[in-house]
Protein chains: 2
Amino acid sequence: MATIDDVAKKAGVGRSTVSRVLNNSPKVSDKTRELVFKAIKELDYHPSSIARGLAGNSTYTIGIILDNTMDKAYANPFIYEVLRGIEKTIYENGYNLLLVGMNTRRGNKLATELILQGKMVDGLVLQSQLIMSPFFKIIQGYNLPVVSIGKLDKKKEISWVDIDNFEAGYMAASYLYSRGYNKIAFEGIDDSKVFAVDRYRGYLKFIHEIGSQPLIADKFYSDVDAIICLDNMCAFKVLQNCKQLGKKIPEEIGIMTFDDYPLAEYLEPTITNIDVDLFALGSEVGKEILRKVKERDGDVKEIQIPVSINVRESTK
Amino acid sequence: MATIDDVAKKAGVGRSTVSRVLNNSPKVSDKTRELVFKAIKELDYHPSSIARGLAGNSTYTIGIILDNTMDKAYANPFIYEVLRGIEKTIYENGYNLLLVGMNTRRGNKLATELILQGKMVDGLVLQSQLIMSPFFKIIQGYNLPVVSIGKLDKKKEISWVDIDNFEAGYMAASYLYSRGYNKIAFEGIDDSKVFAVDRYRGYLKFIHEIGSQPLIADKFYSDVDAIICLDNMCAFKVLQNCKQLGKKIPEEIGIMTFDDYPLAEYLEPTITNIDVDLFALGSEVGKEILRKVKERDGDVKEIQIPVSINVRESTK
DNA sequence: AATGTAAGTGGAAGCGCTTCCACTATAGGA
DNA sequence: TCCTATAGTGGAAGCGCTTCCACTTACATT
């Protein structure tokens, strides 16, 4: 295993010069730089992140804390799609990802230790709900760059990235209206979740803009001609109800949901939905944490990922 | 941030004694040990993994390479459920998880570098399909402990952990038979996937044991009274076909599938299935890689996770 | 009393880097 | 011509640990 000294010797330069080349310092002449690169290639040298971490102040590692204790992965696959997006950005920038789970007692302890150790990770990504949890207070003391997956309603001096759920709700309502539906209900309201509240608020805004009142569908869907479902499971139930009631989709009733989950594609009819790009969400999270790590600047960004519409069979 | 020297000073002992305490060396008297522990607690000292990695030979970090380039997380959430199991075991044993994705070109490079750097990870977990990939050859040179998620059909001198898919197939057939079905077909045969082949082989074994011949259902399901579906998407289609054909479930036709995916629970009727415990699979992967890392022994284990049955409405 | 042994301990080297500091050229200005 | 910046470079210290080696005890053996 070649070390930096081997490279230095082979290139006929000093150890610090090699280091400078590795770190893209401008204070190296082109001639020397080439010499060093040649030696690196010949020796197939790879710098040790461990040593770099000890010596300098960067481990090129981002920690990520997942709140996946409770849910089975397929009950809540969304966070993993976000993870994929994060990975991509992180890897492309030459960083590593250290996964810190909360699914054990030790999770908490470990997460804390990572920060206490200071040098283990350069930055931390975590889900918004964890920011409310008690252990997060410990983190705050160590002014480590942090980015939240998911909107923070209270100002917390932390950057966050989320789907633009307000826009999603608005877009769903406005699309249905544009297709000729005008008694549009919203199903599955849930005050406890920020994304749910935002989707509903987006819906509300549009409904008010056209001078209407929000609706909640009754048992027989008799007073509505379209239903926006909070999520896929909700859509699934609404769909089954419609079938039992003998309602024709999309003629008598239009249905929309959010997230282009496989269900939406396999059901009969397939469901029109507002597609939320979780992979893009993850990418932005990655970009933001790297920006904070590299620039070491403190300004807090609130990033919303635009949504798009996926027209299928459940709407006119 | 307290260091080992601070602890040594506070406890009034040498630095190496503190190190011995940290590493559970028996060569420390109880008195001294207590003194050191007290100092550690008072200083809220946490050893730096980075420094330990550089000095010793362990980083207490396991690398995991996910082959998640292509599939959206919800198209294939299974691997993430395995991941949850791995996390749990790894964290409980005081190790960290370094995630290495393949979802970029750099993925390959990085994964290789991790190994080349040698000290970055103590062991490596990867999906069976990656073992066949060209980049795996590079890994082999560095005799790092490796465990495969998923069965390896060819002997590769690598431990693997997988669901007992053969048993799963056998169990499905035998359960249907025990409920009075005797014209049992297998739907969704796929030669290209080890798990699919094993499920089918398990089915075959039972069918032969009762002196029958394997069946493949025709378009109208006229010659069968039960169908074992390779996976949930397959089951979903079979279910829809049955409805169109007006077949009564479970009276006229019994349906079974594998994996207790949410679909199985939400469909009408709900689907009886062989539950494969992917979380347990992950736990075993974690245990096995830690065993190899700690014991540094080379014996190859082949671990099969037992399956269980989940009776729902689609069978008599 | 002299020797041997084992348990316990501290000192120091070294893991592979980064970075500060001191140094040497080289070129430009007086 | 001499002096002074400045770009470029090498040496050495140090990051926080582990581990080897040398050393001191205390006690059992002759």
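Letters A, B, ... mirror the listed sequences (proteins, then strands); counts begin at 1.
- Picking from D:dC17, D:dT9, C:dG10 the nucleotide with the shortest atom distance to the side chain of A:Val28 gives D:dT9.
- The pair A:Glu284-A:Lys287 meets the salt-bridge criterion, with a side-chain N (NZ, NE, NH1 or NH2) lying under 4.0 Å from an Asp/Glu carboxylate O.
- Protein atom CG of B:Asp5 is 12 Å distant from nucleotide atom P of C:dA12, rounded to whole Å.
- Residue contacts shown for B:Asn23 are limited to sugar-phosphate atoms, with no base heavy atom under 4.0 Å away.
- Between the CG atom of B:Leu54 and the C1' atom of C:dG16 there is a distance of 6 Å, rounded to whole Å.
- C:dG16 atom P lies 16 Å from atom CD1 of A:Ile40, rounded to whole Å.
- In this structure, B:Tyr60 does not reach the D:dC17 phosphate: none of its side-chain N or O atoms is under 4.0 Å from OP1 or OP2.
- Rounded to an integer number of Å, the gap from CZ of A:Arg20 to P of D:dT9 is 8 Å.
- Not a single donor-acceptor contact under 3.5 angstrom links the side-chain atoms of B:Arg33 to the base of C:dG8.
- In this structure, B:Lys31 atom NZ and C:dG8 atom P are separated by 11 Å, rounded to whole Å.
- A:Asn24 has its CG atom 17 Å from the C1' atom of D:dG8, to the nearest Å.
- Contact annotation for B:Ser29: backbone-only contact, meaning every heavy-atom pair under 4.0 Å involves sugar-phosphate atoms and none involves a base.
- Nearest nucleotide to the side chain of A:Pro47, out of D:dG16, C:dG10, C:dC17: C:dC17.
- Set against C:dC17, D:dC17, D:dC15, the side chain of A:Ser48 has C:dC17 as its closest nucleotide.
- Nucleic acid contact class of B:Ser16 (heavy atoms, under 4.0 Å, all strands): base.
- The nearest whole Å value for the distance from the CG atom in A:Asp6 to the P atom in C:dC15 is 11 Å.
- Residue B:Ser19 is in base contact, counting any heavy-atom pair closer than 4.0 Å across all strands shown.
- Nearest-nucleotide mapping onto DNA chain C: of B:Arg15 and B:Gly12, the residue sitting toward the 5' end is B:Gly12.
- A salt bridge links A:Arg291 to A:Asp299: at least one charged side-chain nitrogen sits closer than 4.0 Å to a carboxylate oxygen.
- Once rounded to the nearest 0.5 Å, the distance linking CG of A:Asp6 with NZ of A:Lys10 reads 9.5 Å.
- Salt bridge absent: B:Glu34 and B:Lys38 never bring a charged side-chain N and a carboxylate O closer than 4.0 Å.
- Taking a 6.0 Å sphere around CD of B:Glu302, one finds it holds more than 12 heavy atoms contributed by other residues, nucleotides or ligands.
- Taking atom NZ of A:Lys9 as the reference point, atom C1' of C:dG16 lies 14 Å away to the nearest angstrom.
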